[in-house]
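The block underneath contains the structure these notes are about, expressed in structure tokens.
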Amino acid sequence: MQKYARVIASGSFLPKKRLTNQDLVEILSKHQVDTSDDWIVQRSGIRARHFAEEGELCSDLALQASVKALESANLTAQDIDMIVLATSTPDFIFPSTACLLQGKLQKKYGAWLCPAFDVQAVCSGFIYALSIAKAFIVSGQAQCALVVGSEVFSHIIDLKDRTASVLFGDGAGAVIVQASEEPGILSTFCQSDGSVAPILWVPGQLHGGQIYGDPFLRMDGPAVFKYAVKVLAEAAEKVLQKSGITKEQIDWVIPHQANIRIIQSVAHKLNIPFEKMIVTLHEHANTSAASIPLAWDVAIKGGQIKPGHYVLLEGVGGGFTWGSALLKM
Ligand code: UT7
């Protein structure tokens, strides 16, 4: 009997603190950084972002999103037999944030055990995590996986760096992936190129109680922009080919929410109407591994994505990493 993996529910969470561009401009001006709402909107499409409070960590955001996904699926944590969590802003070096999340879920739902681990693929992390969950389910090693993208990028942005500081936000999104008789996740594709790592990285190391190097996100914006458009278009083509689905059959694309101009360029390159792109970056900014599941949850709850739709997900980020997934809802 052929076994498939299907996404059956989603949930998301944004920290309470919402900063408009103007709020951020005022904060940055205290660091002698000159920027404006106009520049941010023109160059990125971002209008607002959410920042976690002091002490509000990646696992806290992940817990809120996971509980919502479980409730939406009418399941409890004890129905879950695998947790894969994508993040680049974990609570600690170890244990993994997935284990911390599992511990927090036990507090709410009672004692239970399951494998739980993090995936580090920066903004492509959710696609990587989804691919792993699919592989475990299709090979019979799991029946019901919780797949989470959760980030607190506010922890790693340098308020003196005017480009990087205006682009990112915090948030979490979670989905439940279950074994099914019906096809759901049709195919996935993941790729990386470590030779260009320095175009987007946090080059700091912890050693002997000291930070060596730089603990902040650094990026070559235009280089990331160009590479992102190229590989996102290729990733989309790849997963379409693997699934035997045409571009015309695609109902929705959920791209990584980094920059509206990247999304427009990819839509143009793929010849997919921009109206089919789910866009939430104006409200969320770039939440890295959380961006796709956050946008997904908004599109599901907003009634845009419906049963039977073909949905293309695509992510790109530090590493350099990229990937895509094609789903039948
Ligand atoms: O998940 C992936 C994460 N990273 C990304 O997605 C980043 C991808 N790259 C981008 O989104 C764009 O490259 C940026 C939004 C980062 C920058 O847009 P751009 O059109 O590539 O601008 P640029 O870097 O070429 O900079 C244009 C100008 C420069 O001034 P000069 O040299 O022309 O005088 C910058 O110094 O804009 C200046 N600038 C700013 N001005 C006001 C850079 N950041 C700011 C700012 N406010 N925040």
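Residue numbers run from 1 in the order of the sequence given.
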Pairing residues for Tyr128 by the ring pair (Phe, Tyr, Trp, His ring centres under 6.0 Å) criterion, not counting sequence neighbours: none
Qualifying residue, where the test is side-chain hydrogen bond (donor to acceptor under 3.5 Å, both in side chains) with Ser12 and the options are Thr280, Thr287, Asp297: Asp297
Over 12 non-hydrogen atoms of neighbours within 6.0 angstrom of NE2 in His268: no
Closest non-hydrogen atom pair between Glu182 and Arg6, with its separation: O-CG, 3.5 Å
Side-chain donor or acceptor of Glu56 paired with backbone N/O of Glu53 under 3.5 Å: yes
Only pairs under 3.5 Å count here: list side-chain donor-acceptor contacts from residues 307-317, not counting sequence neighbours, and write none if there are none.
from	atom 1	to	atom 2	distance (Å)
His309	ND1	Trp252	NE1	3.3
His309	ND1	Lys306	N	3.0

Step-by-step side chain to side chain contact (heavy atoms under 4.5 Å, CB included) determination, Thr87 to Gln120: CA-CA 6 Å; Thr87 190; Gln120 222 288 30; over 6 Å; no
Donor-acceptor side-chain pairing of Ser139 and Gln141 below 3.5 angstrom: yes
Approximate separation, where rounding is to 0.5 Å, of Ile8 CD1 and Leu75 CG: 5.0 Å
Donor-acceptor pair, side chain of Asp81 and main chain of Cys114, under 3.5 angstrom: no
Test side chain to side chain contact (heavy atoms under 4.5 Å, CB included) applied to Asn286 and Cys123, step by step: CA-CA 9 Å; Asn286 181 346; Cys123 306; 4.2 Å; yes
Linked, directly or transitively: Ile83 and Val67 (ILVMFWY side chains, under 4.5 Å): yes
Under 3.5 Å: donor-acceptor pair, side chain of Asp91, backbone of Thr97: no
Within 6.0 Å of NZ in Lys301, more than 12 heavy atoms from elsewhere: yes
Salt bridge (charged side-chain N to carboxylate O under 4.0 Å, His left out) partners for Lys230, two or more places apart: Glu234
Asn259-Ser44 side chain donor-acceptor pair, cut-off 3.5 Å: no
Nearest heavy-atom neighbours spanning Ala289 and Ala86: CB-O, 3.6 Å
Gln264: side chain to side chain contact (heavy atoms under 4.5 Å, CB included) partners, not counting sequence neighbours: Ile260, Arg261, Phe274
Whether Arg49 side chain and His284 backbone form a donor-acceptor pair below 3.5 Å: no
Nearest-0.5 Å distance that lies between atom CG in Leu186 and atom NZ in Lys134: 8.0 Å
All salt bridge (charged side-chain N to carboxylate O under 4.0 Å, His left out) counterparts of Arg18, not counting sequence neighbours: Glu283
Donor-acceptor under 3.5 Å (Gln106 side chain, Trp112 main chain): yes
Shared hydrophobic cluster, Leu167 / Leu14 (ILVMFWY, side-chain heavy atoms < 4.5 Å): no
For Trp296, all residues meeting ring pair (Phe, Tyr, Trp, His ring centres under 6.0 Å), sequence neighbours excluded: none
Any residue meeting ring pair (Phe, Tyr, Trp, His ring centres under 6.0 Å) with Phe13, in chain and number order, not counting sequence neighbours: none
Nearest heavy-atom neighbours spanning Ala174 and Ala69: O-CB, 3.8 Å
Val266 and Ile272: CA distance, side-chain angles, deciding distance, side chain to side chain contact (heavy atoms under 4.5 Å, CB included) verdict: CA-CA 8 Å; Val266 172; Ile272 292 181; over 6 Å; no
Heavy atoms of other groups near Lys68 NZ, more than 12 under 6.0 Å: yes
Ser36 and Asp38: side chain donor to acceptor below 3.5 Å: no
More than 12 heavy atoms from other groups under 6.0 Å of NZ on Lys17: yes
Residue pair Asn21, Val41: steps toward the side chain to side chain contact (heavy atoms under 4.5 Å, CB included) verdict: CA-CA 8 Å; Asn21 287 348; Val41 173; 3.5 Å; yes
Side-chain donor/acceptor of Lys269 to backbone N/O of Val229, under 3.5 Å: no
Hydrophobic cluster identity match, Phe117 and Ile80, side-chain contacts under 4.5 Å: no
Close side-chain approach of Leu19 and Ile27, heavy atoms under 4.5 Å: yes
Non-hydrogen atoms of Ser66 and Val148 that approach each other most closely: OG-CG2, 3.7 Å
Between CD on residue Glu71 and OG1 on residue Thr76, distance to nearest 0.5 Å: 11.0 Å
Near-ring test Trp322/Phe189, centroid separation under 6.0 angstrom: no
Exam field: side chain Gln205 to backbone Pro203, donor-acceptor pair closer than 3.5 Å: no
Side-chain donor/acceptor of Ser324 to backbone N/O of Ala235, under 3.5 Å: yes
Short side-chain donor-acceptor distance under 3.5 Å, Lys104 and Ser59: yes
Under the ring pair (Phe, Tyr, Trp, His ring centres under 6.0 Å) test, residues paired with Phe136 that sit two or more places apart: none
Backbone N/O of Thr188 and side chain of Lys242: donor-acceptor pair under 3.5 Å: yes
Counterpart residues, side chain to side chain contact (heavy atoms under 4.5 Å, CB included), relative to Thr246 (two or more places apart): Glu248, Gln249
Mutual orientation of the aromatic rings belonging to His207 and Tyr212 [parallel < 30°, tilted 30-60°, perpendicular > 60°]: perpendicular
Pair Thr321-Ser192, side-chain hydrogen bond (donor to acceptor under 3.5 Å, both in side chains): steps then yes or no: CA-CA 4 Å; Thr321 58; Ser192 57; over 6 Å; no
ILVMFWY cluster, Phe153 and Leu28 together (side-chain gap under 4.5 Å): yes
All side-chain hydrogen bond (donor to acceptor under 3.5 Å, both in side chains) counterparts of Asp79, not counting sequence neighbours: none
Donor-acceptor pair, side chain of Asp170 and main chain of Ser154, under 3.5 angstrom: yes
All side-chain hydrogen bond (donor to acceptor under 3.5 Å, both in side chains) counterparts of Lys247, not counting sequence neighbours: Glu237
Residue from Pro90, Cys58, Ser88, Ser291 passing side-chain contact (heavy atoms from CB on, under 4.5 Å) with Glu151: Ser88
Partner residues of Asp161 under the salt bridge (charged side-chain N to carboxylate O under 4.0 Å, His left out) criterion, sequence neighbours left out: Arg218
ILVMFWY cluster, Trp39 and Ile46 together (side-chain gap under 4.5 Å): yes
